[in-house]
Amino acid sequence: MRFTLKHQAVNSEARAGMLETDHGVIETPIFMPVGTAGSVKGIHVKELKEDIGAQIILGNTYHLYLRPGTAIIEEAGGLHKFNGWDGPILTDSGGYQVFSLGDIRKLTEEGARFQSHIDGSYHLFTPESVIGIQRKIGADIIMAFDECTPGDADYDYAKKSLALTQRWLERCCNEMAKTSPLYGHSQSLFPIVQGGVYADLRAAAAKHAVAVSSDGYAIGGLSVGEPEEMMYAMIEVVNPILPPDKPRYLMGVGTPVNILEAIDRGVDMFDCVMPTRNGRNGMLFTKKGIINIRNRKWADDFSPVDPDGTSFVDKQYSRAFLRHLVISNEMLGAQIASQHNLAFYLWLVKEARRQILADSFKNWKEEMVISLAERL
RNA sequence: GGGGAGAUACCAAAGUGGCCAACUGGGGCAGACUGUAAAUCUGCUGGCUCAUGCCUUCGUAGGUUCGAAUCCUGCUCUCCCCA
């Protein structure tokens, strides 16, 4: 895996780059659609590739391990073969589930004990086992096993949590070194910088992560309940410490505004469930602001879903029809909304890249941030 | 023609003397959602009011009672059974 910095903006930390993987090239900044269980919910591979323009998608270790199970994916020849997506794949390690599963998991030095949300059965994830599962899934980018520190964690908790994440990172690295890819393409491990909302912890975490030579670095534990300004502040602490010649991945973020603000601060990669989940729940993201398509005011609006949109669904369907589908709980409504939102997110980062390359990012961003936050 | 059951808010449906402006569903109207336990969850849904509160509501017209959606009588309508 190789990252090439194509252009560094002058009055911003924003960068345009190129990440080459064995499954294809990723132009950064990039948004990565989330396909937790191996599929981006409601979206065919053909739409992802041809209509939305996705360049890399996510899978999730926790979910795929529980169902269909690692053995089936290995038997299929890896996730690329299993789900038919032949572009790059990144798998999250299950660290976020350790955070979001709440009561049904317990952390120890060894790893995370948790109960399956499907059948209640007991399981143990360790840094070693999580690397092993991700080897079998065959992701191009493998995430370290971490604890996603909650946004409201106090200093002591964040410090202890960070120390655990750091010890786990070392174990992940050792396991990576002891094992090999199974399917003939290379796999890169990204460390995750934690540290809560505390600048000194974040800085220490970034330095510790950088000490591990890696093809890219992730910032985790943000947009998990802390104020947005705090998130931006933490990015500003971490990014100057991370090597400029490696991609930086802000995990789980976020809104279109969050993404532009983070790009402005030097982040290259993003993922978030918002475009798909919020889409299923009737929220559309557009250049001009946010639409709740369930609102009555769209009932007789026969204009296109998004006249500025790049997806074919944007002009194929009217707002009134999409509202009808979503209100009626027709599955096509969720599909159209998801497809629109993903296409919008991919357009957003592509346009950001274009603006960076044209040295006009900052002004464009300032204007976009205002209009994106509107409510239509 | 005879016998029986019933009429509650947008719909369905509880409630059968005071704890009822009225359970619960649905529908409607809004909101939330950030490395997906999510095609999920939350709130509101008679009127006025920021709220306490006040006013008008349980087919309809009367009556009993300190007090009625709830008890009594007339009327109207609906459904079921028998002829």
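In the text below, chain A, chain B and the rest are named by the order of the sequence lines, each starting its count at 1. Values below: every heavy atom of this structure, side chains too, minus hydrogens, waters and symmetry copies.
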Give the residues of residues 125-153 of chain A touching RNA chain B, defined as any heavy atom closer than 4.0 Å, sorted by residue number. A/Asp146, A/Cys148
OP1 or OP2 of B/U34 sitting under 4.0 Å from any side-chain N/O of A/Thr255? no
Protein-nucleic acid N or O pairs under 3.5 Å, nucleotides 25-28 of chain B:
none

Look at the side-chain N and O atoms of A/Asn281 and state whether any lies under 4.0 Å from the OP1 or OP2 oxygen of B/G31. no
Polar atom pairs (N or O), protein with nucleotides 43-47 of chain B, under 3.5 Å:
none

Between B/U36 and A/Thr36, is there an OP1 or OP2 to side-chain N/O distance shorter than 4.0 Å? yes
Is the phosphate of B/G35, meaning OP1 or OP2, less than 4.0 Å from a side-chain N or O of A/Asn60? no
OP1 or OP2 of B/U36 less than 4.0 angstrom from a side-chain nitrogen or oxygen of A/Gln97, does that happen here? yes
Is B/A37 in the syn or the anti form, by the rule that syn lies within 90° of 0? syn
Answer yes or no: side-chain N or O of A/Thr276 and base N or O of B/U36 forming a donor-acceptor pair under 3.5 Å. yes
Below 30° counts as parallel, above 60° as perpendicular, anything between as tilted: where do the rings of A/Tyr317 and A/Phe312 land? tilted
Do the non-hydrogen side-chain atoms of A/Trp347 and A/Lys350 ever get within less than 4.5 Å of each other? no
